[in-house]
Protein chains: 2
Amino acid sequence: MTVQWSSGTDLHLELDPEQPRSGPALAEALRGAIRAGRLAAGQSVPSTRALAADLGIARGTVTRVYEQLRIEGFLQSRQGAATTVAARVPVPDPAGAGRSAVVPTTLRWSLEPGLPDVSAFPRLDWLAAGRRALAELPADALGHGSDPLGQPRLRAVLADYLGRTRGVLADPSRTVICAGYAHGLSLLAQLLAQRGPFGFEDPSLQLHRRIVTGAGVRVVGLPVDRDGAQVSGSAAGVVVVTPAHQYPLGHTLSPERRAALAAGGPAVVIEDDYDGEFRYDRRPVGALQALAPDRVVYAGTSSKTLAPGLRLGWLVLPPSLVGPMSALLRRAESRVSVLDQLTLAELIRSGGYDRQVRRMRAVYRARRDRVLELVRRRGDPVTVAGIAAGLHLVLRLPPGGPTEAELRATCARHDLAVQTLDRHWLPGSPEPRPTGLIIGYGAPAGHAFGPALRALDRSLTDLF
Amino acid sequence: MTVQWSSGTDLHLELDPEQPRSGPALAEALRGAIRAGRLAAGQSVPSTRALAADLGIARGTVTRVYEQLRIEGFLQSRQGAATTVAARVPVPDPAGAGRSAVVPTTLRWSLEPGLPDVSAFPRLDWLAAGRRALAELPADALGHGSDPLGQPRLRAVLADYLGRTRGVLADPSRTVICAGYAHGLSLLAQLLAQRGPFGFEDPSLQLHRRIVTGAGVRVVGLPVDRDGAQVSGSAAGVVVVTPAHQYPLGHTLSPERRAALAAGGPAVVIEDDYDGEFRYDRRPVGALQALAPDRVVYAGTSSKTLAPGLRLGWLVLPPSLVGPMSALLRRAESRVSVLDQLTLAELIRSGGYDRQVRRMRAVYRARRDRVLELVRRRGDPVTVAGIAAGLHLVLRLPPGGPTEAELRATCARHDLAVQTLDRHWLPGSPEPRPTGLIIGYGAPAGHAFGPALRALDRSLTDLF
């Protein structure tokens, strides 16, 4: 449609005809107009009031869209001056959709999984640990670093920490620092490419499977039931599993399956312990790695305990992989800042990391309880799964109930971003597939959790 | 040989028979004994005095070897207690020698190239910038990050900085943050693998060539003369050059060669501007990239201006590569800490980065002048090259003079680590090759530069 622009000229905005009054449609139309040059650099945009009136949509929606485009770099504003089109505009991303928790959303509330509450990042503790690390730092540590596996000090502190908290049989010589789990997985894919296809749980995170296929390695599916992944009978030479809290379904790998996986089968098991620090039931589930340290790679991360933006993760390798990984990293050169490594080491050593984990475990547990309370109070025909650990749970819907597209659309109408199970299945996964809404209760900042939950409540009222 | 150990037992030490009294030989023998379990965890080692007497070597040598092994993690010592064998011992690196500036040396002084003076890292400015960055940080910046190319704020600040100081035609949408130059090069090798072989200057850094061959891409040599790299006639589809200060020879690419390279030839030129900030002559040499921004990738780094341990570098891409790089980074997800990115952005914005570069430029220029003064005063039959810029220069020796092995051995006898040209030639590089000593005057801490220079003086006296 064509709207009257603030300069008095008309502007053509290509609004999605299916939802012309939604925030995402307006945002995309504005991006398109700016990229196409119809809105030129430096040009003022109309007031939120004027544009809302022109388009017949809520002013709050326009305000949020402007803010979003400002963050993305399409618009700029200076205090006291009009908002204008930025001189330099972001390049469109031809890769298309990545991890959806990542893609900016213009919905106001979000219960998307994949993120912790980053507003609770312990800024002061991190800064203080960084100050102490830098004060004690031998100057030559700032050089290229003689050990491609990471700073010895962090590796020693982590090996102790993982043994103490997760029961990992770690020792510093087998502990490797990487730039987050995705980096670690990409290294493992390069290292293990010759061991045959990688087995991934079906469902699992598409982003991780893409990292492996991107390294030229074939991926096969491992069915998941209430006991976790079924590995026996798989052709995979390497399997990637989430034993403590299956992602996304939330199940814990059963003791029988753990024992079987530890006893034999694939040559290498990659244990993605992405949220193992957050466990709410009384039966702590230690790392699978301790049952077969010669075959299991343990992979952990600070993405859930601190923040994904730190890009800090770790692997504990079987002895046979230490040499090859060292050679690979020496060729590729280590990726992680020495200062960050030593800051994390100091944060763990000083007890600040444990304190943060304990504090957030209580916060997330309380949030989980509020979701459970809502579901029980409502009495909808849903079953809840995956509540024993982590930052997400799953509401499974009965056959014949609302579809996952309806779930997402209904929540979006209540300004709530959610994810469903559908995107996590492997291609060719057997039908029928269960219908489920993944509730990521970790991500909202404290003040936003209540409103997000109320939006979920209203959405469920519309659905049932 | 067998030495009497402090416990009264005998210990077999395998000392290099060619230099049984050298520090490196003792260090390697001790490492071997510890790895082989002949020296067990927790066991005390003899006093430096006793071991020196047993072996007939200088006590200072034993002291330095113990200190080195302590840093490497083989030994440990607590205040007031005896030095003992560490409970956990580093794993030997089967990959063999990497970048030699990186491999710990037991020589006391070093003029090896490849490092800045990391003792001059602006710790307080970095901490203050980090504090401000963290205070202003929107919480959602700590999430996964919506832009795989890096934090928009750092990209904007860097684009301005590179335009201002290096004449790069940069804009934020084409500016990419990577985890140092080696990471950037590895991304480019993946991206450009289909464009035919990569041409590398002959001589150049072996580590960089290995990154490219490790990505499955063939490498061919580009001869280098006083005018820099000769690209015309090469079969390379992509060339990697160091126009401002050829590494290691030190030449500046001549205006004619620059113009020719900008006008045509290889499809893509990677400009490795590793030390472009440190220029001492009156003719500032801007980036080659400005002559052909549609074909030249500009690559810069904080490794020389701040410290390699930060693992922070950047690329400015031709427009045609932005989309493919974005897709590659979205898939690989190996990104740099958001906090580090925003800290660097704040350091540049606040002027602290410029101040550090100016300050260190004066320091390095004064060091270079002292090396030149030494060479002129001595009047040895050497010619000096590469003095206009950077952190290293080359002493070229006449044919028939000392060999490079003799240069290294003589300097080592004076406790000075140096590098020579030999390791930088490509396999099959035409003979005869020039003989040259690379003097890296950047790396020593302030207090160590004078002694290192005096060791060089004594070595040259032995050689000529």
Side-chain angles (χ1 to χ4, degrees), chain A residues 73 88-91 93-95 98-99 101-104 114-115 118-119 121 123 126-127 130-131 134 139-147 152 156 171-173 179-180 182-183 186 207 210-211 214 307-312 322-323 326-327 330-340 445, chain B residues 72-73 88-91 93-95 98-99 101-104 114-115 118-119 121 123 126-127 130-131 134 139-148 152 171-173 179-180 182-183 186 210-211 214 307-312 322-323 326-327 330-340 445:
Chain A
R88 289 157 168 161
V89 163
V91 168
D93 172 19
R99 177 200 295 256
V102 165
V103 172
L115 277 177
V118 289
S119 76
F121 180 78
R123 299 182 185 212
W126 181 263
L127 281 173
R131 198 168 51 237
L134 208 43
D140 59 8
L142 284 168
H144 288 285
S146 60
D147 199 325
D171 92 53
S173 70
H183 178 219
S186 130
L207 179 78
R210 277 191 190 159
I211 287 170
L310 287 183
R311 315 291 329 133
L312 262 169
V322 173
S326 180
R330 191 175 285 284
R331 176 156 57 75
E333 272 214 343
S334 148
R335 300 278 161 77
V336 185
S337 156
V338 168
L339 289 184
D340 290 347
Chain B
E72 293 175 12
R88 288 159 168 158
V89 162
V91 168
D93 172 19
R99 176 201 295 253
V102 164
V103 172
L115 278 176
V118 288
S119 76
F121 180 78
R123 299 182 185 213
W126 181 262
L127 280 172
R131 199 168 51 239
L134 207 42
D140 59 7
L142 283 169
H144 288 285
S146 59
D147 198 326
D171 92 52
S173 70
H183 178 218
S186 129
R210 278 191 189 159
I211 287 170
L310 288 182
R311 316 288 333 131
L312 262 170
V322 173
S326 181
R330 192 176 285 283
R331 175 159 57 74
E333 240 211 13
S334 56
R335 300 183 211 162
V336 184
S337 156
V338 167
L339 288 183
D340 290 348

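From a predicted model like this one, the values you see are computed outputs, not experimental measurements. Every chain is numbered from 1, with letters handed out A, B, ... down the list of sequences.
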Side chain, backbone, both or neither: which part of S119(B) has a non-hydrogen atom closer than 4.5 Å to chain A? both

How many angstroms lie between atom CG of L207(A) and atom CZ of R330(B), to the nearest 0.5 angstrom? 9.5 Å

Could I get the full list of side chain to side chain contact (heavy atoms under 4.5 Å, CB included) partners for L127(B), not counting sequence neighbours? R131(A), L134(A)

Against chain B, work out which of L142(A), V118(A), V338(A) has the most heavy-atom pairs shorter than 4.5 Å and name it. L142(A)

Separation between CG (L310(B)) and CG (L339(A)), nearest 0.5 Å, reads 5.5 Å

At a heavy-atom distance under 4.5 Å, which candidate from G143(A), G214(A), G130(A) has the highest pair count against chain B? G143(A)

